[in-house]
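Encoded as structure tokens, the structure appears first; notes follow it.
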Amino acid sequence: MDHFEYRDGVLHAEDIPLPQIAEEIGTPVYVYSRATLERHAQVFADALKDIPKKHIAFAIKCNPNLGVLRVLARQGYGADVVSGGELERALAAGMAAEDIVFSGVGKTRAELALGLDRGIGQFNIEHEPEGVALSEIAVGKETTARAVLRVNPDVDAGTHAKISTGKAENKFGVGIDAAPAIFDRLSALPGLKMRGVALHIGSQLTSLDPLEAAFARVGRLVAELRAAGHSITHVDLGGGLGVPYRPEDNPPTPAEYGAMVARVTKDWDVTLMFEPGRVIAGNTGVLLTEVLWVKPGAVSPFVIVDAAMNDLARPALYDAYHDFVAVRPTGEKMTASIVGPVCETGDTFARDRVIDKVAAGDLAAFRTAGAYGATMASTYNSRSLVPEVLVDGDRYVTVADRIAAGTIMAAERVPDWID
Ligand SMILES: *Cc1c(COP(=O)(O)O)cnc(C)c1O
């Protein structure tokens, strides 16, 4: 369910007609719906109602916009961050340090120190040397880091290889068989309070089976760690729940996920931590674009839009599908390839797809662009950095400005020793 609907034949974000935003802000532009975001946050939290002790940390890498984060902070969400920059964003958006979880396979010593200085709630340690470094830094600061060990359960998440993270050959976590010995050694270090384990097996999962298999393995590990005398109070189950990108997609619902988690973890007696990203933000945004040209092609015509792979990278990066709809559909259809202006064939959003018939000058929207959209934008081809708008009922605000190519160029210089 979302709040992007046609009224009188015109696509709206809540009460705002998208042509108004195109007119006032220009295109391409990301448009987010506050009501949709709040609804998704609420549905996910409701799905976990049978879990007695829990903590939800939004994986802010999927949409780190401050306006978006503030909405989620008000819903009681904390943040899962993967860099010092994200950590500062979560705090700037009003999330409590206590509610911040620091994940990521390549945290620097400076980032670990920053997390300690800010007093974040938990570090998810990815391998033993990182834990040793965290211990040293914490001792130096006369503080204690609350930490869990991320394990790699070696399950196939059944998702795109580039967003699969829980196979033995992936870079994340420590092998689950090696985990007990590493946990023993880390627990003995000063400045570190090892309180549990974490996992995250991948993103855009369309079946609960790999999650259930991974959670069951972690449940056995928790029992093993307790048998070895460790106090295990927290298990972080990561994120990964998929969203429907195509109309016919039917991923598991948050309610089904919550029921599975409650069943698998019922005897664990821990605080369960969750790191949802896409399932919260995916359907809360669209990328609004204008058709620049329609050009004949050998197979089907090219609809050339003013958004490109630098604004929405997922199709080029993971062959991802985003629904493409006309803002003022006529009811007629056409078969076309949708491409952007960037000088790469990879700058293709769809190949030979049946879409709403559009012509030059028409507005259109890529749906389900609220997660892993603007956050991955670049200025490739010296294009501007795409702006973001947050709609709330009949009002909206530009929550991220368009950063002009000239502003980016102004940060560059030519050495005076050339010529
Ligand atoms: C990316 C990521 C998430 C969020 O994944 P989604 O598929 O967006 O839910 C959660 N935890 C970690 C550690 C991640 O890297």
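In this chain, numbering begins with 1 at the start of the sequence shown. Counting starts at 1 for both ligands and their atoms, in listed order. When reading the values below, keep in mind they use all heavy atoms of this one structure, side chains included, and skip hydrogens, waters and symmetry mates.
- At least one donor-acceptor pair closer than 3.5 Å links the side chain of Asn310 to the backbone N or O of Ser378.
- Note: an N/O pair closer than 3.5 Å links Gly240 and ligand 1 by distance alone.
- Judged by a 6.0 Å distance limit and a 45° cone about the ring axis, Arg246 is positioned over the six-membered ring of Tyr321.
- Contacts of Asp80 with ligand 1, taken as heavy-atom pairs under 4.0 Å, involve the side chain alone.
- Those atoms of ligand 1 with a heavy atom of Ser203 less than 4.0 angstrom away are 5 (O), 6 (P), 7 (O), 8 (O).
- Among protein heavy atoms, the minimum distance from atom 4 (C) of ligand 1 is reached at Ala59 CB, 3.3 Å.
- For atom 2 (C) of ligand 1, the closest non-hydrogen atom on the protein side is Lys61 NZ, 2.3 Å.
- The pair Lys53-Asp269 meets the salt-bridge criterion, with a side-chain N (NZ, NE, NH1 or NH2) lying under 4.0 Å from an Asp/Glu carboxylate O.
- The main-chain N or O of Val148 is never found under 3.5 Å from a side-chain atom of Asn124 such that the two would form a donor-acceptor pair.
- Listed by atom number, the atoms of ligand 1 under 4.0 Å from Gly277 heavy atoms are 6 (P), 8 (O), 9 (O).
- The distance from ligand 1 to the heavy atoms of Arg278 drops below 4.0 Å at these ligand atoms: 6 (P), 8 (O), 9 (O).
- For ligand 1, the atoms sitting less than 4.0 Å from at least one non-hydrogen atom of Glu275 are 3 (C), 4 (C), 9 (O), 10 (C), 11 (N), 12 (C), 13 (C), numbered in the order shown with element in parentheses.
- Between the side chains of Glu14 and Ser33, at least one donor-acceptor pair of N or O atoms lies under 3.5 Å.
- Using a non-hydrogen distance threshold of 4.0 Å, Val279 does not register as a contact of ligand 1.
- Interface atoms of ligand 1 facing Gly239, defined by a heavy-atom separation under 4.0 Å, are 9 (O), 10 (C).
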**Request:** List the steps, then state whether side-chain contact (heavy atoms from CB on, under 4.5 Å) holds for Ile125 with Leu134.
**Result:** CA-CA 9 Å; Ile125 295 175; Leu134 181 59; 4.1 Å; yes
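- Here Asp15 does not pair with Arg395 in a salt bridge; the nearest charged N to carboxylate O distance is not below 4.0 Å.
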**Request:** For salt bridge (charged side-chain N to carboxylate O under 4.0 Å, His left out), just list the numbers for Arg34 and Asp392, CA-CA rounded to whole Å, side-chain angles, deciding distance to a tenth of an Å, and then say yes or no.
**Result:** CA-CA 5 Å; Arg34 176 182 179 174; Asp392 175 25; 3.4 Å; yes
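- Distance from atom 8 (O) of ligand 1 to its nearest protein heavy atom, with residue and atom name: Tyr372 OH, 2.6 Å.
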